[in-house]
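Read the numbers this way: they start at 1 and go in the same order the structure lists the ligands and their atoms.
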Amino acid sequence: MNPENAWRHLRGLTPLSLCDWPGRPCCVVFLGGCNLRCPTCHNATLAWDMEGQPQLPLARLKTFLSSRARWLSGITVSGGEPTGVPGIGMILHEISAFGLPIKLDTNAMRPDVVEALLAEGLVELFSVDVKGPFDQYPALTGGAVSEHDARQNLSRIFALAETRPGAFAFRTTLVPQLSDTDLTTVRGMLPAGFVLATQDYKPPRRPHALTDSEARRTAGNLVQ
Ligand code: SF4
């Protein structure tokens with residue numbers, strides 16, 4: 001793995017978030033690119049047009065972490081979809097050198113990567129996005145994930161969570177397509193003992209509809 005190929009996904013940094021990791025003031029590192037095409041994606045430019053977003057120099061991230069790590073309680077790695085980044089293990093290994101625990105946001109469709117990162121001890125908490133009931137995955141992911149694959153991939157994640165309950169949290173975004181009945185179904189999918197968190201839906205801003213200034217803001221408080 002060429003480290004440059006991995007770090008070229010580094011597209012943004014939120015210096016301080018009080019809500020991405022409940023109870024832990026953290027920074028948020030954004031990696032571009034995603035394997036899904038959710039019509040409700042709020043970070044569509046980062047997910048689907050990574051090359052159209054300014055790259056954040058690695059040196060700048062390291063300088064930030066060197067000077068601010070003592071004020072933070074963790075690092076959230078988000079996207080896009082971090083598990084789709086070639087060399088994500090190397091990235092997390094380098095970040096972990098700053099002594100802060102790492103939370104990783106994931107759509108759960110790369111359980112092999114999640115399993116490897118868990119085994120390597122590189123991630124303290126996987127925040128798993130459960131889009132909805134299995135049979136709604138094709139619609140909720142823009143046709144990127146079949147019901148069969150959703151069931152298979154999430155089942156592997158749920159099995160990992162049963163072995164390491166403290167390392168997983170599950171959440172669903174309340175997109176308009178989901179009913180209360182759907183949420184009940186999702187809660188029933190989770191392994192015993194897990195509580196489903198929900199987060200409010202923010203309507204997406206489409207890249208083709210953005211002005212230049214809007215496009216810059218779409219990165220969502222990102223520091224380049
Ligand atoms: S998985 Fe997340 S980042 Fe990827 S398209 Fe869906 S909402 Fe966007």
Review point. Looking at ligand 1, does Gly79 have a heavy atom less than 4.0 Å from it?
Key: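 Not so, Gly79 does not reach ligand 1.
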Check your understanding: Ignoring hydrogens and geometry, is there a side-chain-to-backbone donor-acceptor pair from Arg11 to Met50 under 3.5 Å?
Key ->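 Indeed, once roles are kept as given, a pair shorter than 3.5 Å links the two residues.
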**Study point:** For atom 6 (Fe) of ligand 1, every protein N/O/S atom that sits closer than 2.8 Å, waters excluded
**Key:**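 Less than 2.8 Å away from atom 6 (Fe) of ligand 1 sit Cys38 SG.
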Exercise for review: For the pair Phe194 and Phe170, name the ring-plane relationship: parallel under 30°, tilted 30 to 60°, perpendicular over 60°.
Suggested key: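 Perpendicular: the ring planes of Phe194 and Phe170 meet at over 60°.
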Review point. How would you list, by chain and number, every residue that makes a salt bridge (charged side-chain N to carboxylate O under 4.0 Å, His left out) with Asp182, sequence neighbours excluded?
Key: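 Salt bridge (charged side-chain N to carboxylate O under 4.0 Å, His left out) list for Asp182, sorted by chain: empty.
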Point to revise | By salt bridge (charged side-chain N to carboxylate O under 4.0 Å, His left out) - contacts of Glu115 (at least two apart) | key: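 If we apply the salt bridge (charged side-chain N to carboxylate O under 4.0 Å, His left out) test to Glu115, skipping adjacent residues, the hits are Arg156.
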Practice item. For residues 138-150, pull every pair meeting side-chain hydrogen bond (donor to acceptor under 3.5 Å, both in side chains), keeping only residues two or more places apart or in separate chains. Key: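 Every side-chain hydrogen bond (donor to acceptor under 3.5 Å, both in side chains) pair that includes a residue of residues 138-150, provided the two are not neighbours, is Glu147-Arg151.
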Check your understanding: Hey, are the side chains of Asn5 and Pro86 touching, using non-hydrogen atoms and a 4.5 Å cut-off?
Key ->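 No; the side chains remain at least 4.5 Å from each other.
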